[in-house]
Each structure stands twice: as structure tokens, then as C-alpha cells.
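Beneath this line is the structure, given in C-alpha cells, with notes to follow.
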Amino acid sequence: MASYEDVMSLSVRRGFLWPAVDLYGGFAGFYDYGHNGTLLRRHWEEVWLEHFLGLNDNYYLIDTSTILPEPPLKASGHVDHFTDLLVTCTRCGESHRADHLLEAATHVEHEGLSSSEVDAKIREAGIRCPKCKGELGASRPFNMMFPLAVGPTGKDAAFLRPETAQGAFLNFRREFEALRRRLPMGLAIVGRAYRNEISPRQGTYRMREFLQAELQIFFDPVVFADQVPTASVADVPVRLCWAAEKNEPTAHDLTSKELVARGLPTWYVYHLVQVQRFYLEVLGIPREHFRFAELDAKERAFYNKIHFDVQVRQESLGGFKEVGGVHYRTDHDLAGHEAGSRQKQAVTVATTRLVPHVLELSFGVDRNVWALLDLDYTPGERATLHLPPRLAPIGVAVFPLVNKDGLPERAEALYGLLRKRFTAFFDDAGSIGKRYARMDEIGTAFCVTVDHETLEGKGVTLRDRDTQKQVRVPEGDLPARLESLLSGEARFEPAA
RNA sequence: GCGGCGGUAGUCUAGCUGGUUAGGACAUGAGCUUGCCAAGCUCAUAGCGCGGGUUCGAAUCCCGCCCGUCGCACCA
């Protein structure tokens with residue numbers, strides 16, 4: 001666990017991440033990744049893809065446009081739901097959401113009203129500022145999406161995509177054909193999304209440009225439960241809290257069976273287990289720092305029927321914070337695009353004709369990287385980033401014990417060999433202890449040192465980050481040994 | 001967006017009741033050392049967020065902006 005200051009200091013000093021454009025004073029809501037941050041993030045993406053595409057043979061990665069014209073975003077609901085009309089009090093300057101004020105005063109929902117209609121209704125109902133009773137000014141639209149002018153006239157409205165998900169829905173029909181009409185079908189996208197956040201804060205937690213990793217699973221709700229091995233997870237405890245407990249730092253363990261008994265679909269619970277496995281086993285998040293958090297109907301997005309957030313407790317962000325979500329979007333998206341595009345989205349599988357439903361596994365990549373930095377970093381005398389070996393920016397570092405007697409040349413030759421298979425790093429500056437310390441702080445799990453015994457054919461030393469223990473390994477065995485250590489197949493055994 | 005607090009080398013910080021060659025620690029680079037965990041010595045690099053104002057003189061006082069942070073609002 002590390003404080004916000006510790007995470008930022010490490011990130012800046014060691015080339016993980018920092019505020020974008022800080023040369024010019026910074027640009028709120030945007031962060032850049034340095035060389036180590038980029039490697040860490042890429043490794044996170046690799047294990048994410050491996051884990052989630054591995055859930056089914058029919059799950060694939062695609063890549064789609066980050067700019068979308070208005071019609072699909074109208075159909076998805078973003079144009080209407082993503083735009084709020086704000087009214088500002090002429091006396092105290094406080095801004096309020098017009099629809100909230102109207103709803104509070106008239107107890108009627110007011111959706112999709114224009115700015116002038118809202119102004120008329122506010123006057124009609126005689127609504128004043130709830131804070132100071134001052135007179136309210138004219139309403140103005142605030143859209144969380146970034147508008148763009150595309151083409152020479154810029155007449156056709158377009159936006160930077162507010163989520164990657166739409167790319168999967170827009171390409172559903174094409175991929176369904178290309179993948180030979182099978183369900184379930186999974187389309188994953190790892191890419192950037194953009195939201196004009198009112199107040200971006202807390203490092204990479206809330207940004208205006210961010211990376212999402214999402215898997216949209218298209219399925220037939222009638223048969224999906226029989227298509228996933230739900231029995232295999234029946235007794236697995238799932239760590240979660242209910243909507244009413246979300247503000248408490250608590251969590252319970254309920255088995256999959258119990259969750260199903262409470263009314264969650266078996267296929268939904270199965271995916272909760274798979275997401276939990278990713279966090280606990282692949283990312284190595286301590287169990288007590290992980291939970292799912294239920295969202296009630298009021299908090300859920302308009303399209304979600306069942307929604308649990310994935311949360312990781314972080315000291316730097318002050319508690320459990322959302323890093324992902326498991327959303328049952330029903331047929332909302334495909335049905336919406338069917339209406340918007342007037343193109344049929346229903347498909348026939350075997351004898352059933354249906355508009356597939358969608359289960360969305362959605363993750364904020366930057367938030368995940370931040371969570372790893374928070375949880376895995378222990379600052380102090382022996383500052384160490386305890387990343388899972390595979391995720392570390394550098395897989396293996398190679399050092400000569402001293403800079404004489406031909407050791408540097410020998411070490412460099414070994415480095416040249418290893419770098420073809422691993423993310424390797426060579427260093428001959430300063431003392432050996434300092435080099436180990438530097439590697440500890442960026443999470444390098446294994447360091448290889450060439451010493452005088454190496455020259456006598458007695459192999460090299462292999463050092464483990466977390467125990468600081470060493471073993472001698474014949475140079476020829478090194479690649480295979482590192483391979484199994486980095487993949488997690490083998491553990492470092494000082495006695496071996 | 002509103003209000004409180006803040007912004008000094010890469011990092012952490014002293015200085016902030018105006019006058020300092022803006023100090024330190026760590027980090028970084030070069031060299032000498034170095035025989036396994038941030039050792040030592042020598043030298044070096046590098047800073048007052050941006051802009052304006054007050055003043056003989058501004059890191060220091062005032063204003064605007066930017067950025068950060070906490071609270072409110074927002075987070076479909």
C-alpha cells in the first residue's frame with residue numbers, strides 16, 4: 001500500500017506516468033505514460049487478453065474507430081443521456097442540473113427537453129435556487145462527450161467515443177458472419193475513450209482521455225447458462241457487498257450457489273468468478289482488497305439490468321475504488337442500433353431467431369495500472385514494487401559484479417542473448433547493491449549477475465526480488481528457468 | 001463549475017514578517033574505487049508553475065491564469 005504522494009513520486013521518478021503537457025503547466029484530465037509505465041500497461045493488457053479471451057474459443061480482439069458520428073450515439077442513448085442541461089443561479093453562482101430541479105419540483109420525469117422548453121418549465125413552476133433562493137439563469141447544455149467538426153463543412157455532428165463498447169455493437173453483424181454465426185461470441189476492444197469530466201482528479205482515476213479494456217459477450221439468454229461451465233464454480237466464494245453497504249469498507253464471501261439462490265443468473269455469477277480470478281490469481285490482488293459492489297437501480301446506467309462494480313481498495317485513493325464493471329446490458333444496444341440504423345440485428349442460431357443479449361466485462365486500464373502501483377509499492381528504505389513478475393516492466397536485469405576482468409563483456413554478451421526472449425535490462429553503473437535496489441523499485445523480479453565464477457564456467461547468480469535470495473544457475477539453463485519463473489509456472493526456490 | 005489550502009532542481013524539502021551567490025538530502029552523469037545488496041572519494045548537471053502589478057529591489061506582497069489537493073456538485 002502506498003499513499004497518493006508515494007505513487008506519484010515513484011511514477012514520476014521511475015518513468016511510469018505523469019501529468020500530460022506538464023512542460024506547459026499541465027492539462028487537467030490527461031496523463032502520459034513513460035517507458036516503464038508503457039511496458040507495465042502493455043503487460044497488463046497482455047494478461048487481460050490471455051485471461052478473458054481464454055474464456056471461450058469464440059472470443060476475439062477487434063479494433064474500432066474512436067470517432068463516431070451522431071446517429072449511432074443517438075441510438076445508443078448517449079446523445080440524450082450524456083447531455084445534461086445546467087442552470088446557474090444568478091445570485092450564488094451555483095450550478096444545478098435542470099432535470100433534477102424539475103423532477104424535485106414537479107415529481108415528473110423530464111427527459112429530452114430542449115433548453116428553451118426547460119427554461120419555460122422552470123419559470124412556470126417558479127423554481128428558484130435550492131441553495132440561496134436566488135433567481136436561476138438560462139439553461140445551457142453540458143455534454144460529457146467531446147464534439148468534433150468532421151470534414152470541411154463540419155456540419156455533421158460527430159464525437160469522440162465515450163466508451164469503446166459501441167465499436168463492438170456496431171461491428172456485431174460483420175463479426176457474426178465472419179465468425180460463422182455462433183453464439184456466444186465475444187468481441188474485446190482495448191482502446192481509448194473520452195469524456196469531458198467536470199472535475200478530473202485523483203491521478204489516473206478520473207481522466208478525460210482514458211484506456212478501456214472491454215469484452216462484450218453476445219449470447220442467447222435462454223441457453224447461455226448451459227454453455228458456460230457453471231457447475232465448476234458453484235462452491236467458489238465470491239467477495240462482494242450489496243448496494244446498501246457500498247459506502248462501508250466491508251465485503252462478504254458468498255458462494256456462487258448462494259448468489260444464484262438470491263436470483264442472479266448462473267452465467268452472470270460464473271463471470272463474476274472469472275473476473276475475481278483475474279484479480280486475485282493473475283494480478284495478485286490481496287483478497288481483502290478486492291470486492292464486487294452492487295449498484296441499485298438508481299445508480300445503474302440506463303442500459304444495465306444487473307450491475308456490479310469491480311472495486312480495489314487503495315490507500316492512495318482513500319478506500320475501495322471502481323476499476324471495472326460486470327454489466328448485463330440485455331439487448332438494449334443491438335435493439336437500439338436496429339432501430340437507429342434500420343438494419344436488422346436479429347440473427348438465427350440453430351432454430352432460434354433472436355437479438356442477442358450482451359454481457360459486458362469492462363475495465364479501466366489506467367485505473368488498474370494505478371491500483372497495481374498502489375498495492376504493490378512499499379516505499380521506504382528498501383523501496384520495492386512487488387508486481388507479479390510477468391507484469392513488471394523489466395523481466396530480467398543483467399549485471400557484471402564489477403567492471404573489470406572481462407566481466408562487463410561477458411555480462412553484455414549474456415544480456416544480448418536474453419533480450420531476444422525477454423524484456424531485459426543491462427546495467428554496469430554504480431555498485432551492485434545500487435543496481436539491485438533500482439530494479440526492486442521498478443518491480444524487476446529477477447536479476448542475473450556475472451561474477452568471477454562465471455568465467456570458470458560455474459554459471460551465474462539469479463536473484464529474487466522479494467526474498468533477495470540467490471541461486472547459481474548454469475548459463476545454458478537460464479532462458480528456460482526465466483521462462484517458467486516469469487510465466488508463473490515455477491516459483492523461485494533458493495535451495496534449487 | 002463553486003469554496004478552502006497549496007505550487008522552490010528528477011524527488012523530498014529549507015527559505016515566504018521583501019535585499020540569501022536560493023541552502024540541504026536523496027537521485028542523476030563522469031572519473032577513481034568496488035569481489036553480491038542504495039559503501040566511499042572527487043567533480044559535474046539541474047530549481048522559485050505562467051503572466052502582470054507594487055517596490056530602488058519580489059521565491060517572498062497584490063491581481064489574473066494554469067496545475068494540484070480537500071469539501072460540495074458531477075460521475076450517463
Side-chain angles (χ1 to χ4, degrees), chain A residues 3-6 8-15 18-30 34 73 76-84 86-89 91-97 99-100 111 129-132 140 142-145 162-163 165 195-203 205-208 295 298-304 307 309 316-318 321-322 327 364 379-384 399-405 407 428-441 447-455 460-465 467-470 472:
Chain A
S3 70
Y4 185 86
E5 287 73 21
D6 289 333
M8 273 314 290
S9 173
L10 167 74
S11 296
V12 171
R13 282 183 295 108
R14 297 304 192 188
W18 44 73
V21 206
D22 64 355
L23 194 61
Y24 286 81
F27 190 29
F30 300 87
L73 291 167
S76 69
H78 285 92
V79 170
D80 293 329
H81 292 267
F82 230 67
T83 303
D84 295 325
L86 297 182
V87 285
T88 303
C89 173
R91 193 158 92 196
C92 70
E94 190 79 15
S95 287
H96 306 274
R97 275 182 57 170
D99 57 337
H100 287 182
E111 256 182 25
C129 175
K131 197 169 168 189
C132 73
R140 66 203 141 80
F142 177 78
N143 196 321
M144 291 274 290
M145 293 194 293
E163 60 173 10
R195 296 178 193 178
N196 197 4
E197 295 287 352
I198 293 172
S199 59
R201 260 180 218 185
Q202 296 190 294
Y205 184 73
R206 182 169 301 152
M207 294 198 288
R208 291 183 167 131
L295 269 72
K298 213 175 164 61
E299 300 167 307
R300 285 200 299 266
F302 55 93
Y303 50 70
N304 283 329
H307 180 162
D309 275 347
S316 63
L317 302 179
K321 287 291 193 172
E322 179 191 354
H327 314 134
E381 187 72 357
R382 191 100 215 173
T384 305
F399 311 136
L401 182 59
V402 288
N403 287 316
K404 59 183 186 189
D405 307 330
L407 295 185
D428 62 358
S431 68
I432 189 78
K434 188 173 258 188
R435 292 178 226 152
Y436 286 144
R438 267 196 284 254
M439 288 299 103
D440 288 342
E441 198 172 18
C447 293
V448 168
T449 299
V450 168
D451 59 16
H452 288 85
E453 291 181 53
T454 309
L455 302 179
V460 297
T461 62
L462 177 64
R463 171 194 182 266
D464 174 59
R465 176 194 66 203
T467 59
Q468 297 183 45
K469 297 259 168 56
Q470 291 180 309
R472 280 208 95 78

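The basis for the numbers below is simple: all heavy atoms, side chains too, and nothing from hydrogens, waters or symmetry mates. Just so we're on the same page: letters track the sequence lines, and every chain starts at 1.
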With 3.5 Å as the limit, what N/O pairs link the protein to nucleotides 44-47 of chain B?
none

Subject >> Pairwise distance CZ(A/Arg195) to CZ(A/Arg206) - rounded to 0.5 angstrom >> reply: 10.0 Å
**OP:** Specify the separation, in whole Å, of atom CE of A/Met8 and atom P of B/rU13.
**Re:** 14 Å
**OP:** Let me have a per-nucleotide readout for nucleotides 35-41 of chain B, 5' to 3', with B, S or -, counting only protein heavy atoms under 4.0 Å.
**Re:** BBBBS--
Subject >> Distance between C1' atoms of B/rA14 and B/rA59 (Å, rounded) >> reply: 12 Å
**OP:** Verify, without hydrogens or angle tests, whether A/Arg435 (side chain) and A/Ala429 (backbone) share a donor-acceptor contact under 3.5 angstrom.
**Re:** yes
Original post:
How many Å lie between CZ on A/Arg13 and P on B/rG10, as a whole number?
Top reply: 14 Å
**OP:** Applying ring-ring contact (aromatic ring centres under 6.0 Å, His included), name anything that partners A/Tyr205, two or more places apart in sequence or on another chain.
**Re:** none
**OP:** Measure from CD1 on A/Ile198 to C1' on B/rA76 and round the result to the nearest Å.
**Re:** 12 Å
**OP:** Please check if the side chain of A/Asp428 supplies one atom and the backbone of A/Asn403 the other of a donor-acceptor pair under 3.5 Å.
**Re:** no
Original post:
Going through the distances and angles, do A/Asp6 and A/Ser9 end up as a side-chain contact (heavy atoms from CB on, under 4.5 Å)?
Top reply: CA-CA 5 Å; A/Asp6 289 333; A/Ser9 173; 5.7 Å; no
Subject >> Whole-angstrom distance between B/rA27 and B/rC61, as gauged at atom C1' >> reply: 35 Å
Original post:
Any sub-3.5 Å donor-acceptor pair from A/Arg208's side-chain atoms to A/Phe30's backbone N or O?
Top reply: no
Original post:
In whole Å, what is the span from the CG atom of A/Asn403 to the C1' atom of B/rG29?
Top reply: 15 Å
Subject >> Between B/rC67 and B/rG29 - C1' atom distance, rounded Å >> reply: 30 Å
Original post:
Separation of A/His81 atom NE2 from B/rC75 atom P, in whole Å?
Top reply: 13 Å
**OP:** Check A/Asn143 against A/Phe82 and note the closest heavy-atom contact, atom names and distance.
**Re:** OD1-O, 3.6 Å
**OP:** Counting Watson-Crick and G-U wobble pairs whose two distances are both under 3.5 Å, find the runs of 3 or more in a row that involve RNA chain B.
**Re:** B:1-7 with B:66-72, B:10-13 with B:23-26, B:28-32 with B:40-44, B:49-53 with B:61-65
Original post:
Can you tell me how far CE of A/Met144 sits from NE2 of A/His81, rounded to the nearest 0.5 angstrom?
Top reply: 14.0 Å
**OP:** Pick the C1' atom in B/rG40 and in B/rU34, then give their distance to the nearest Å.
**Re:** 9 Å
Subject >> Spacing of A/Arg206 atom CZ relative to B/rC72 atom C1', expressed in whole Å >> reply: 13 Å
Original post:
Using the P atom in both, what is the distance from B/rC32 to B/rG52, to the nearest Å?
Top reply: 48 Å
Original post:
Does A/Arg14 have any side-chain hydrogen bond (donor to acceptor under 3.5 Å, both in side chains) partners at least two apart in sequence or in another chain, and if so, which?
Top reply: A/Glu441
Would you list the protein and nucleotides 64-70 of chain B atom pairs, both N or O, that sit under 3.5 Å from each other?
residue, atom, partner, partner atom, Å
B/rC67, OP1, A/Ala28, N, 3.4
B/rC67, O4', A/Gly25, O, 3.0
B/rU69, OP1, A/Tyr4, OH, 2.5
B/rU69, OP1, A/Gln202, N, 3.4
B/rC70, N4, A/Arg201, NH2, 3.1

Original post:
With rounding to whole Å, what would you report as the distance between B/rG3 and B/rC74 at their C1' atoms?
Top reply: 16 Å
**OP:** Begin from the C-alpha positions of A/Asp451 and A/Thr454 and carry the test side chain to side chain donor-acceptor pair (under 3.5 Å) through to its verdict.
**Re:** CA-CA 5 Å; A/Asp451 59 16; A/Thr454 309; 3.1 Å; yes
**OP:** Could you tell me whether a side-chain N or O of A/Tyr4 sits under 3.5 Å from a main-chain N or O of A/Gly203, the two making a donor and an acceptor?
**Re:** yes
Original post:
For A/Asp22 and B/rC50, what is the distance between atoms CG and P respectively, to the nearest whole Å?
Top reply: 13 Å
Subject >> Exercise: identify the closest heavy-atom pair between A/Leu462 and A/Val448 >> reply: CD1-CG2, 3.7 Å
**OP:** Determine the Euclidean distance between corresponding P atoms of B/rG24 and B/rC43; express it in Å to zero decimal places.
**Re:** 13 Å
**OP:** Without swapping roles, check the side chain of A/Arg463 against the backbone of A/Cys447 for a donor-acceptor pair under 3.5 Å.
**Re:** no
Subject >> B/rA30 to B/rA39 separation - P atoms, rounded to the nearest Å >> reply: 16 Å
**OP:** Let me know the distance between CG of A/Asn143 and P of B/rC74, rounded to the nearest Å.
**Re:** 17 Å
Original post:
In Å, rounded to the nearest 0.5 Å, how long is the span from CZ of A/Arg300 to NE2 of A/His307?
Top reply: 9.0 Å
Original post:
Would you say the side chain of A/Pro162 lies within less than 4.5 Å of the side chain of A/Leu73, judging by non-hydrogen atoms?
Top reply: yes
